[in-house]
Amino acid sequence: MKFLSPPDQAEYRRKVWDVVRQIPEGQVATYGQIAALIPPSKGMDPGDYAAWSARWVGGAMAACPDDVPWQRVINSQGKISLRPNAGAERQRQLLEDEGVEFDARGRVDLDVYSWAGPSQEWRQAHGLVSIGGS
DNA sequence: TCCTTGACTCAGA
DNA sequence: CTCTGAGCCAAGG
């Protein structure tokens with residue numbers, strides 16, 4: 001799914017995967033968090049980007065390579081975003097195997113497992129937004 | 001060609 | 001804290 005595809009979708013998805021690969025085992029990141037690390041394409045309206053980038057990340061996950069730890073990416077509520085019949089149980093299983101715990105409602109405590117993001121150095125090397133924002 | 005269907009998030013109730 | 005609805009594009013049937 002992509003809604004409002006970014007001008008450079010292939011490029012965008014590649015960046016998303018690079019970021020996801022940095023998420024350490026036992027930690028999780030949200031779609032919005034990943035999106036916030038990647039700057040909008042030149043000329044793109046910041047408002048539109050903020051509104052749709054999270055979905056683009058979701059779209060990137062839908063087609064990610066096997067070496068991408070897609071299970072560590074969940075929604076802003078700390079819940080699995082996959083539909084029950086699309087691998088949600090598998091995702092939860094993978095996370096639990098890494099030590100991530102789910103509460104009674106099937107949510108992950110983001111205060112405990114949320115990833116802090118890649119190092120400033122890594123961000124610069126990959127052309128992502130720097131710490132401190134613009 | 002028309003209609004459905006998405007790995008999301010945020011504000012309101 | 002939980003549940004709803006809005007925002008909005010494109011590929012596939």
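Please read these numbers as outputs of a predicted model, since none were measured by experiment. Chain identifiers are assigned alphabetically (A, B, ...) following the order of the sequence lines, protein sequences preceding nucleic acid strands; residue numbering begins at 1 within each chain.
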For each nucleotide in nucleotides 7-13 of chain C, reading 5' to 3', give B when a protein heavy atom comes within less than 4.0 Å of its base, S when such contact involves only the sugar-phosphate, and - otherwise.
BBBS---
Drop me the distance from N75(A)'s CG to R107(A)'s CZ, to the nearest 0.5 angstrom.
10.5 Å
Taking only N and O in the side chain of R107(A), is any of them less than 4.0 Å away from OP1 or OP2 of dC1(C)?
no
Residue pairs involving residues 29-49 of chain A (criterion side-chain hydrogen bond (donor to acceptor under 3.5 Å, both in side chains); sequence neighbours excluded)
D8(A)-S41(A), Y12(A)-Y49(A)
Rounded to the nearest Å, what distance is computed from the CG atom of residue D103(A) to the P atom of nucleotide dC1(C)?
12 Å
Whole angstrom value for the distance that separates P of dG6(B) from CD of Q9(A)
18 Å
State the CH2-CD distance between W122(A) and Q22(A), to the nearest 0.5 angstrom.
4.0 Å
Whole angstrom value for the distance that separates C1' of dA7(B) from CH2 of W17(A)
13 Å
Taking atom P of dG6(B) as reference, at what distance in whole Å does atom CE of M61(A) sit?
18 Å
Rounded distance in Å - NZ (K79(A)) to P (dT9(B))
11 Å
Could you tell me whether K15(A) and D18(A) make a salt bridge, using a distance below 4.0 angstrom between a side-chain N and a carboxylate O?
no
Regarding E11(A) and R14(A), does a basic nitrogen lie under 4.0 Å from an acidic carboxylate oxygen?
yes
Could you tell me how far apart Y12(A) (OH) and dC8(B) (C1') are, to the nearest whole angstrom?
12 Å
Distance check, rounded to the nearest 0.5 Å: Q71(A) atom CD versus M61(A) atom CE?
10.0 Å
Tell me the interatomic distance from R83(A), atom CZ, to dT5(B), atom P, rounded to whole angstroms.
9 Å
Length of the line joining W70(A):CH2 and dA7(B):P, which is rounded to integer Å:
12 Å
